[in-house]
Amino acid sequence: RWWRFVSRSCWGNGIGVWGMWWSCLNSNCILNKVIIMNIYDDFFKGISPEDWEFFAADFLGARGCAIELPPARGADGGKDLIVSFRGKRYIVSCKHFACSGRSVTERDEASFLERTKQHKADGFIGFYSTLVSQALQDRLKGCEDNSFEYLIFDKNSISDYLPNMSCFILQKYGLPAPNNFYYMNV
């Protein structure tokens, strides 16, 4: 794996750099023919759509949310899970399009306001393995007021948090621990 050779001082916030050649001098990277990519793309692609919902629950739980209603199989009424945070209740919609790379659009989240009200929630959290489309982002922003809040976790914002998450959670979904150490609870 190429990222083993990249100094931690040369990448951060989940963004890795790969080039034909590179060197790190005094914590500064000199790069030639650079392609910037998210170093967690393979990790995201390795998670099944069902496990993506459980990863969302673990991720949000690690960020301080209380899981009121965890993911389940079958018809879910437009919510994948329900969480509470700082006295407010949120429905969470998980979309896992990492393999196709397509963004989450208005069509994918057609009735987020109705679903939020249906489940007696104060807000909406989108948990996406790709990016959100500008049209959906504009629609969410236009609906935001005192009675409706939203938060989007896309692949880049999720990647920002991964270096600080428990390795137990990350290993559960296939990300190796630093230096390939694996921990088991025996």
Side-chain angles (χ1 to χ4, degrees), residues 3 8 11-16 37-73 76-99 103-104 108-109 112-113 115-133 136-137 139-141 143-178 181-185:
W3 58 80
R8 286 192 183 268
W11 60 277
N13 295 335
I15 303 299
M37 60 183 276
N38 186 312
I39 63 169
Y40 298 110
D41 281 349
D42 288 338
F43 171 64
F44 291 151
K45 289 176 184 175
I47 300 175
S48 72
E50 183 175 283
D51 283 343
W52 184 253
E53 294 179 11
F54 287 100
F55 175 64
D58 287 339
F59 180 91
L60 294 170
R63 303 294 317 146
C65 293
I67 309 302
E68 288 186 17
L69 190 63
R73 283 194 178 146
D76 59 17
K79 50 91 183 97
D80 293 312
L81 58 144
I82 296 178
V83 301
S84 59
F85 183 71
R86 295 185 179 162
K88 297 204 176 196
R89 193 167 193 244
Y90 297 86
I91 65 164
V92 180
S93 177
C94 302
K95 302 291 183 226
H96 188 37
F97 301 147
C99 292
S103 63
V104 180
D108 299 314
E109 297 291 8
F112 61 86
L113 272 176
R115 291 182 285 149
T116 301
K117 290 179 184 183
Q118 173 189 351
H119 297 289
K120 297 177 177 58
D122 303 304
F124 173 86
I125 296 176
F127 194 84
Y128 308 140
S129 62
T130 57
L131 300 175
V132 63
S133 71
L136 176 57
Q137 194 169 4
R139 184 155 180 250
L140 286 162
K141 185 72 172 162
C143 294
E144 187 177 38
D145 61 20
N146 292 335
S147 63
F148 176 79
E149 295 179 6
Y150 78 94
L151 183 60
I152 299 296
F153 287 99
D154 64 13
K155 76 175 194 171
N156 292 325
S157 59
I158 294 167
S159 296
D160 287 343
Y161 291 109
L162 291 182
N164 299 315
M165 284 189 67
S166 163
C167 63
F168 298 111
I169 293 173
L170 298 176
Q171 286 178 17
K172 183 174 164 181
Y173 299 99
L175 190 65
F181 290 118
Y182 289 87
Y183 302 97
M184 290 181 60
N185 214 359

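Values below: every heavy atom of this structure, side chains too, minus hydrogens, waters and symmetry copies.
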Seminar exercise, completed: In short, C143 meets F148 closest at the heavy-atom pair O-CD2, 3.5 Å

Exercise. Which class fits the ring pair W52 and F44: parallel under 30°, tilted 30 to 60°, perpendicular over 60°?
Worked result: perpendicular

Exercise. Do the side chains of Y150 and K141 get nearer than 4.5 Å, heavy atoms only?
Worked result: yes

Problem set entry | Taking every non-hydrogen atom, the tightest pair across R63 and F85 | O-CE1, 3.9 Å

Problem set entry | Distance (rounded to the nearest 0.5 Å) between S157 OG and L131 CG | 9.0 Å

Problem set entry | Closest non-hydrogen atom pair between Q118 and G77, with its separation | OE1-O, 3.7 Å

Exercise. Between H119 (side chain) and I91 (backbone), is there a donor-acceptor pair under 3.5 Å?
Worked result: no

For this session: Side-chain contact test, heavy atoms from C-beta onward, threshold under 4.5 Å: evaluate it for C94 versus L81 and give yes or no.
Result: yes

Problem set entry | Side-chain heavy atoms of F124 within contact of R115, under 4.5 Å | yes

Seminar exercise, completed: Rounded to the nearest 0.5 Å, the NZ atom of K79 sits from the OG1 atom of T116 at a distance of 12.5 Å

For this session: Return yes if some donor-acceptor pair links the side-chain N/O of S129 with the main-chain N/O of F97 below 3.5 Å, else return no.
Result: yes

For this session: Drop me the distance from D41's CG to C99's SG, to the nearest 0.5 angstrom.
Result: 10.5 Å

Exercise. Is there a donor-acceptor pair closer than 3.5 Å between any side-chain N or O of D154 and the backbone N or O of Y128?
Worked result: no

Exercise. CD1 of I125 to CZ of F112: how many Å apart, nearest 0.5 Å?
Worked result: 14.0 Å

For this session: Take F59 and Y173 through the ring-ring contact (aromatic ring centres under 6.0 Å, His included) test and state the conclusion after the steps.
Result: CA-CA 11 Å; F59 180 91; Y173 299 99; over 10 Å; no

Exercise. Is there a donor-acceptor pair closer than 3.5 Å between any side-chain N or O of S103 and the backbone N or O of V132?
Worked result: no

Problem set entry | Verdict with supporting geometry, I152 and Q137, side chain to side chain contact (heavy atoms under 4.5 Å, CB included) | CA-CA 9 Å; I152 299 296; Q137 194 169 4; over 6 Å; no

For this session: Give, for atom SG of C167 and atom NZ of K172, the distance between the pair rounded to the nearest 0.5 Å.
Result: 13.0 Å

Problem set entry | Beyond-backbone contact of L60 with F153, side-chain heavy atoms, under 4.5 angstrom | yes

Exercise. What pair of heavy atoms forms the shortest contact from A62 to M165, and how long is it?
Worked result: CB-CE, 4.2 Å

For this session: Using a 4.5 Å cut-off on heavy atoms from C-beta on, say whether the side chain of Y40 contacts that of I158.
Result: no

Problem set entry | Closest approach of V83 to C65 (non-hydrogen atoms, all atoms of both residues) | CB-CB, 4.0 Å

For this session: Determine whether R89 and I82 make a side-chain contact, defined as any pair of heavy atoms from C-beta on separated by less than 4.5 Å.
Result: yes

Exercise. Got a second to check how far K88's NZ is from L151's CG, nearest 0.5 Å?
Worked result: 12.5 Å

Exercise. Can you check side chain to side chain contact (heavy atoms under 4.5 Å, CB included) on F127 and D80, steps first, answer last?
Worked result: CA-CA 10 Å; F127 194 84; D80 293 312; over 6 Å; no

For this session: Determine, stepwise, if the pair N156 / S159 fulfils side chain to side chain donor-acceptor pair (under 3.5 Å).
Result: CA-CA 5 Å; N156 292 325; S159 296; 5.2 Å; no

